Structures are given as structure tokens and as C-alpha cells.
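One-based numbering along the sequence shown. Bear in mind that the values here come from a model prediction, so they are computed numbers and not experimental data. When reading the values below, keep in mind they use all heavy atoms of this one structure, side chains included, and skip hydrogens, waters and symmetry mates.
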Amino acid sequence: MKPVIGLCFAEALIAAPGKLCVNMSYIRALVDAGATPLPIPVTDDPARAAEYIDLIDGLLIPGGQDMVPAFYGEDPLPQVTYMLEAQDLMEMELLRLAEKKGIPVFGICRGMQLMNVTFGGGMIQDIYAQKKATIGHKQDSAIRSQATHAATLKEGSLMEQLLGKEPLGVNSYHHQAVNGVAPGFVASAVAADGIIEAMENREKNLYAVQWHPEEMYIRYPRFANLFRYLVETAVALKK
């Protein structure tokens, strides 16, 4: 049996109100890595996460809108206008349950930010307003598979193990970022202006990236290893 990897899909209130959506690129990446994806619907009751946790062998937390700043103890800046409280709550509960059960979790973009907040880390609400980022972190959506800035991998990290020692270029679609990693995690990739691009807790099988490998792995096969690792770890822990 292929490992089952869960990921949430929520109502797209702006683009498709009344419909639950998840980008097909996430599904494709998981299938190509050898998984059976299980979309988990977001509802207004995060306690329902417990109904799904025993059905999955791994968890993917995808990108998306901003997080609710109240969850990390702040009011929103003017640049933070679109948040989905129900999805934040559902995914945080799934993440806590997965960590408790020892299920591997891979976070992408917003998924990395949510992982950091869930385990006690902070957030940069807008990197251009608060950190004066010196490189572009929000490329045009027409070139989603193209690498547009460099990231430096931490020597000896899981990220280096998966992606290799060659110079790394990533795509970038975010105006927020983690503000220091949560206890138990290490920053395993950084951009030239200091923005954290990856983090990991190898002991807990939790890892995340700020870029979007699901849009890059066909063009740059090295990124497929990020999804294969999730699947392979899920299989190993299931035995």
C-alpha cells in the first residue's frame, strides 16, 4: 500500500466562493513521489482533525494566504488583509496531532510559517515594511517554475542532504517570513538578505521550505527529493 499523505483544502473565498480548493501541483508532486494524497476539508471545527489523523501516514501543509496575526500575539499590519482563521486552526491542530503521533510533516511557504508559529516561533508580517528586504521575494506568477534568487544551505542539514551541495536557486512568492525559528528547529537555508528559506527539526521529522518546490521539481529534479523524503519517512515509520 502506498503511504497516505494528508493535506487540507479550504474554501477559496475570493477566487471560488463555495468551493474547496487545493492547487493541483501539490497533488501531482505527491503522486509522483509515490504517495496517495488525501485532501482534508477545512471546517469551522478544528477538533475534526482528530478524525483524519489516524487515516494518514504523513502531512503536507501547503502555501496560501497570510496567517491570522492574533495566533502569534500581534495585530495585523496594513499589508495583511486576507486570512482564513478556520484553515489556520485546522492545520495547527493537525500539525500538533501529527507531531504527537510521530507522523512526518512537510511545510511549504505558508506551511513553514504555520509550523513555526505552532511550535512557538515568530513571524515577520511584511518583510518589505519590517525588514527592508534587499532582494525580491515575490516573483510574477507567470514564471512559477523559474528560480529567481539564491539560498544558502546549512552544511550538514537535512536540506543539504536532500538538495545537494550545488548552488541553490529558488522561486519566491511571499511577503511574510518566519522571525527566528521555533525551539527545537534550526534554520537550514537562508537568502542573501537573511530571510530564512528553510527550517527543520530532524528529531521530530518536521521540515519546511519558504519556496514552492511543487512548481519546480519537474524543471529542477533535485526538488523532487523533498517530496520523496516525506513519502519514504512515512513508509519507514509505518513499519
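- Linking Ile, Leu, Val, Met, Phe, Trp and Tyr residues whenever their side-chain heavy atoms come within less than 4.5 Å places Val117 and Leu206 in a single cluster.
- Closest approach of Leu158 to Glu200, counting heavy atoms only: N-OE2, 2.8 Å.
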message = Could you go through Tyr128 and Thr134, starting from their C-alpha distance and side-chain angles, then the distance that decides it, and tell me whether this counts as side-chain contact (heavy atoms from CB on, under 4.5 Å)?
response = CA-CA 8 Å; Tyr128 301 103; Thr134 58; over 6 Å; no

request  = Go through Glu99 and Arg96 one step at a time and tell me if the salt bridge (charged side-chain N to carboxylate O under 4.0 Å, His left out) criterion holds.
outcome  = CA-CA 5 Å; Glu99 185 272 337; Arg96 293 186 189 101; over 6 Å; no

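- If you run side-chain contact (heavy atoms from CB on, under 4.5 Å) between Leu7 and each of Asn23, Ile27, Leu59, only Ile27 comes through.
- Using modelled atom types and a 3.5 Å distance limit, the side chains of Tyr217 and Asp32 yield a donor-acceptor pair.
- For the atom pair OG of Ser145 and CZ of Phe223, the computed distance is 11.0 Å after rounding to the nearest 0.5 Å.
- Using a distance-only test at 3.5 Å, with no hydrogens or angles considered, a donor-acceptor pair links the side chain of Asn116 to the main chain of Ala182.
- Crowding of Glu51 atom CD: a count of heavy atoms from other residues, nucleotides or ligands under 6.0 Å exceeding 12.
- Taking the side chain as every heavy atom from C-beta outward, Ser25 and Arg144 never approach each other to under 4.5 Å.
- Between the side chains of Gln161 and Arg202, at least one donor-acceptor pair of N or O atoms lies under 3.5 Å.
- At distances below 3.5 Å, not a single donor-acceptor pair connects side-chain atoms of Asp57 with backbone N or O atoms of Pro3.
- For the pair Leu55 and Val4, the minimum side-chain heavy-atom distance is 4.5 Å or more.
- Connection of Tyr229 to Val170 is established within a shared hydrophobic cluster, with ILVMFWY side chains joined at heavy-atom distances below 4.5 Å, either directly or through further cluster members.
- To the nearest 0.5 Å, atom CD of residue Gln146 and atom CD of residue Glu215 are 13.0 Å apart.
- Hydrophobic clustering, with ILVMFWY side chains joined whenever heavy atoms are under 4.5 angstrom apart, groups Leu153 together with Leu162.
- To the nearest 0.5 Å, atoms CD (Gln130) and CD (Gln176) are separated by 8.5 Å.
- Scanning both residues, His212 and Asn171, for their nearest heavy atoms gives N-OD1, 2.9 Å.
- Residues Leu30 and Leu230 have side chains in contact (heavy-atom distance under 4.5 Å, counting atoms from C-beta outward).
- For NZ of Lys101, the number of neighbouring non-hydrogen atoms (other residues, nucleotides, ligands) closer than 6.0 Å is greater than 12.
- Looking at Phe227 and Pro213, their side chains come closer than 4.5 Å, going by heavy atoms from C-beta outward.
- Under the 3.5 Å distance criterion, the side-chain polar atoms of Asp88 are matched with a main-chain donor or acceptor of Val68.
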inquiry  = Let's go through Phe185 and Tyr207 carefully: what are the C-alpha distance in whole Å and the side-chain angles of both, what is the deciding distance for ring pair (Phe, Tyr, Trp, His ring centres under 6.0 Å) to 0.1 Å, and is it a yes or a no?
reply    = CA-CA 9 Å; Phe185 287 80; Tyr207 65 107; over 10 Å; no

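- The CG atom of Asp126 lies 6.5 Å from the CG atom of Leu77; values are rounded to the nearest 0.5 Å.
- Ionic pairing of Arg28 and Glu214 is not present here: no N-O contact between side-chain nitrogen and carboxylate oxygen is shorter than 4.0 angstrom.
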query = Given Leu226 and Met159, is the side-chain contact (heavy atoms from CB on, under 4.5 Å) satisfied, shown in steps?
reply = CA-CA 8 Å; Leu226 295 169; Met159 283 295 141; 3.9 Å; yes

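- For the atom pair CG of Leu60 and CG of Leu94, the computed distance is 11.5 Å after rounding to the nearest 0.5 Å.
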request  = In sequence, state the C-alpha distance, the side-chain angles, and the governing distance for Met112 and Met199, and then conclude on side-chain contact (heavy atoms from CB on, under 4.5 Å).
outcome  = CA-CA 8 Å; Met112 175 165 137; Met199 57 184 275; 3.7 Å; yes

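- The closest donor-acceptor contact from the side chain of Gln125 to the backbone of Asp75 lies under 3.5 Å.
- Each of His174, His175, Gln79 was checked for a side-chain hydrogen bond (donor to acceptor under 3.5 Å, both in side chains) with Asp66, and the lone residue meeting it is His175.
- Side chains of Phe9 and Pro39 form a contact here, defined as non-hydrogen atoms less than 4.5 Å apart.
- Side chains of Gln65 and Gln87: a donor on one and an acceptor on the other come within 3.5 Å.
- Between Glu11 and Val42 there is no side-chain heavy-atom pair separated by less than 4.5 Å.
- Residue-environment remark: NZ (Lys131) stays at or below the threshold of 12 foreign heavy atoms within 6.0 Å.
- Annotation for Ala191 and His149: closest pair CB-CE1, 4.0 Å, computed over non-hydrogen atoms.
- In this structure, CD on Glu85 lies 10.5 Å from CE on Met67, to the nearest 0.5 angstrom.
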side-chain contact (heavy atoms from CB on, under 4.5 Å) assessment of Val181 paired with Val186 = CA-CA 6 Å; Val181 297; Val186 296; 5.6 Å; no

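- In terms of heavy atoms, Ser141 sits closest to Tyr173 at CA-CE2, 3.9 Å.
- A donor-acceptor pair under 3.5 Å is formed between the side chain of Ser157 and the backbone N or O of Lys154.
- Under a 3.5 Å cut-off, the side chain of Glu93 and the backbone N or O of Pro46 do not form any donor-acceptor pair.
- Other residues, nucleotides and ligands contribute only 12 or fewer heavy atoms inside 6.0 Å of the CD atom of Glu203.
- Of all the heavy atoms in Ala147 and Gly169, the pair that sits closest is CB-C, 3.5 Å.
- Annotation for Val178 and Gln113: closest pair CG1-CA, 4.0 Å, computed over non-hydrogen atoms.
- A continuous path of hydrophobic side-chain contacts links Val209 to Ile5 [ILVMFWY only; heavy atoms under 4.5 Å].
- Using modelled atom types, one finds no donor on one side chain facing an acceptor on the other under 3.5 Å when comparing Arg48 with Thr43.
- Proximity of Pro41 to Tyr52: side-chain heavy atoms (C-beta onward) are separated by under 4.5 Å at one or more points.
- Residues Ile143 and Ile108 do not share a hydrophobic cluster, clusters being chains of Ile/Leu/Val/Met/Phe/Trp/Tyr side chains in contact below 4.5 Å.
- In the model, Ser172 has no side-chain atom that pairs as donor or acceptor with a side-chain atom of Gln139 under 3.5 Å.
- Within the 4.5 Å cutoff, no side-chain heavy atoms of Ile61 are placed close to those of Cys8.
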